[in-house]
J.: 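This is the structure I want to talk about, given as structure tokens.
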2 protein chains.
Amino acid sequence: MSVSFAQIVAEKPMTFTAECPTRAVLDHVMSRWGVLVLSALADGELRWGALRRIVPGISEKMLASTLRTLVEDGLVERTALPTVPPHVSYELTDLGRDLMERMLPLLGWVVEHASGIMSGRPR
Amino acid sequence: MSVSFAQIVAEKPMTFTAECPTRAVLDHVMSRWGVLVLSALADGELRWGALRRIVPGISEKMLASTLRTLVEDGLVERTALPTVPPHVSYELTDLGRDLMERMLPLLGWVVEHASGIMSGRPR
DNA sequence: CTGTATCCAATTCGATACTG
DNA sequence: CAGTATCGAATTGGATACAG
């Protein structure tokens, strides 16, 4: 698939407008916490508490709402064991893993180039 | 480079914390308008007015600040011809093109799967 | 342990008007 | 044409407390 932005927008003029599904998915998937949560899960299943610790600086509120969105999107699966105390874990679905195949190279690029890009700049 | 999130964070614990360059670059590059502006420029040089028209729904304010950030990051180059009226164009730098090689597959994935993900949902 | 509810601060963002 | 300035509305996000 050739991916030309102009071509996409020319053929389907509503693509990436505020009402378009593409915009919604883009917002979910490319959001700060969305990226980090998905990336954390790319290594395998994780429990709520583990996610909370691993994703740097995420609040409970944001973790909850990010996970809810990603589960609704079918990118993450939630598994709850009916024990006391509760045991809940999250893992990528097939769709989520497919997405992360495209996302991880991008993340790798950012890690490689971030210092260079930001060096010698205030905040 | 193997890109494991847990591995990255384990080796460099400050990676993706709020103060880390990776977080800043991630925010620039994965932001709603950042993605769309970069994608539009992936097809080639564009003038201010063209970008304004092509990127769906972007305001002048957001276009200005997004472009300023991307130019500062060295991902986009601004070329101003000293004519009256002014003629200013923007294009990806080599670094920006390198980034887009990783970004476009992701964008393509979103376009392909967005409808399926959002189908039958309110909003 | 895994969340939800609430409140409040900070930030983002769009609309509009204006300038070189 | 290519922006900047300003303002208010809306959203985001964090801290805290609490519930199942």
Side-chain angles (χ1 to χ4, degrees), chain A residues 16-20 23-38 40-41 45-73 76-91 122-123, chain B residues 16-20 23-38 40-41 45-73 76-91 122-123:
Chain A
F16 297 123
T17 57
E19 307 73 30
C20 182
R23 177 69 80 81
V25 173
L26 209 59
D27 285 350
H28 298 175
V29 148
M30 309 283 271
S31 72
R32 166 184 299 164
W33 299 123
V35 172
L36 296 180
V37 168
L38 285 169
L41 293 174
E45 168 184 309
L46 285 173
R47 295 180 58 176
W48 164 277
L51 274 169
R52 180 98 176 73
R53 274 186 311 276
I54 289 174
V55 177
I58 196 167
S59 68
E60 297 190 346
K61 178 181 173 178
M62 284 300 102
L63 180 54
S65 88
T66 302
L67 282 172
R68 208 175 317 118
T69 301
L70 296 176
V71 169
E72 279 173 17
D73 287 349
V76 170
E77 191 186 353
R78 177 182 187 275
T79 309
L81 274 53
T83 56
V84 177
H87 178 118
V88 181
S89 64
Y90 296 86
E91 61 183 322
R123 221 342 318 219
Chain B
F16 297 122
T17 58
E19 307 75 30
C20 183
R23 177 68 80 80
V25 173
L26 209 59
D27 284 348
H28 299 174
V29 148
M30 310 281 274
S31 72
R32 165 186 301 165
W33 300 124
V35 172
L36 295 180
V37 168
L38 285 168
L41 291 174
E45 168 184 310
L46 285 174
R47 294 179 59 173
W48 165 276
L51 274 170
R52 181 95 175 74
R53 265 173 283 113
I54 289 174
V55 177
I58 195 167
S59 67
E60 297 191 346
K61 179 181 173 178
M62 283 300 101
L63 180 55
S65 88
T66 301
L67 282 171
R68 207 175 316 117
T69 301
L70 296 176
V71 169
E72 279 173 18
D73 287 349
V76 170
E77 192 186 354
R78 177 183 187 274
T79 309
L81 296 155
T83 56
V84 176
H87 179 116
V88 181
S89 64
Y90 296 87
E91 61 184 323
R123 200 220 103 102

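For clarity, every value in this text was computed on a predicted model and none was experimentally measured.
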J.: Which is true for A:Arg52 with a 4.0 Å heavy-atom rule: it touches a base, it touches only sugar-phosphate, or it touches nothing?
T.: nothing

J.: Over how many whole Å does the gap from B:Lys61 atom NZ to D:dA2 atom P extend?
T.: 21 Å

J.: Nearest heavy-atom pair of B:Asp27 and A:Arg32: which atoms, and what distance?
T.: OD2-NH2, 2.7 Å

J.: Between atom CG of A:Leu63 and atom CH2 of A:Trp48, what is the distance when rounded to the nearest 0.5 Å?
T.: 4.0 Å

J.: Nearest nucleotide by nearest heavy atom, which residue falls closer to the 5' end of DNA chain C, B:Met62 or A:Arg78?
T.: A:Arg78

J.: For A:Ser31 and A:Gly34, work out which heavy atoms get closest and say how close.
T.: OG-N, 3.0 Å

J.: Rounded to the Å, how far apart are A:Asp27 CG and D:dG13 C1'?
T.: 16 Å

J.: Starting at atom CZ of A:Arg23, determine the distance to atom C1' of D:dT11, rounded to an integer number of angstrom.
T.: 15 Å

J.: To the nearest Å, give me how far apart CD (B:Glu60) and P (D:dC7) are.
T.: 18 Å

J.: Quick check on DNA chain D: between A:Arg32 and A:Pro85, whose nearest nucleotide comes earlier from the 5' end?
T.: A:Arg32

J.: Taking all non-hydrogen atoms of both residues into account, name the closest pair between A:Leu41 and A:Leu46 and its distance.
T.: CD2-CB, 3.9 Å

J.: Take atom CZ of A:Arg68 and atom P of C:dA5, then tell me their distance rounded to the nearest Å.
T.: 9 Å

J.: When you measure from the side chain of A:Arg47, which nucleotide among C:dC1, D:dC1, C:dG3 comes out closest?
T.: C:dC1

J.: Measure CH2/B:Trp48 against C1'/C:dT19 and give the value in whole Å, please.
T.: 14 Å

J.: Could you state the CG-P distance from B:Leu63 to C:dC13, rounded to the nearest angstrom?
T.: 13 Å

J.: Between atom CG in B:Leu46 and atom P in D:dG3, what is the gap in whole Å?
T.: 13 Å

J.: Ignoring the backbone of A:Trp33, work out which of D:dG14, C:dG14, D:dT4 is nearest its side chain.
T.: D:dG14

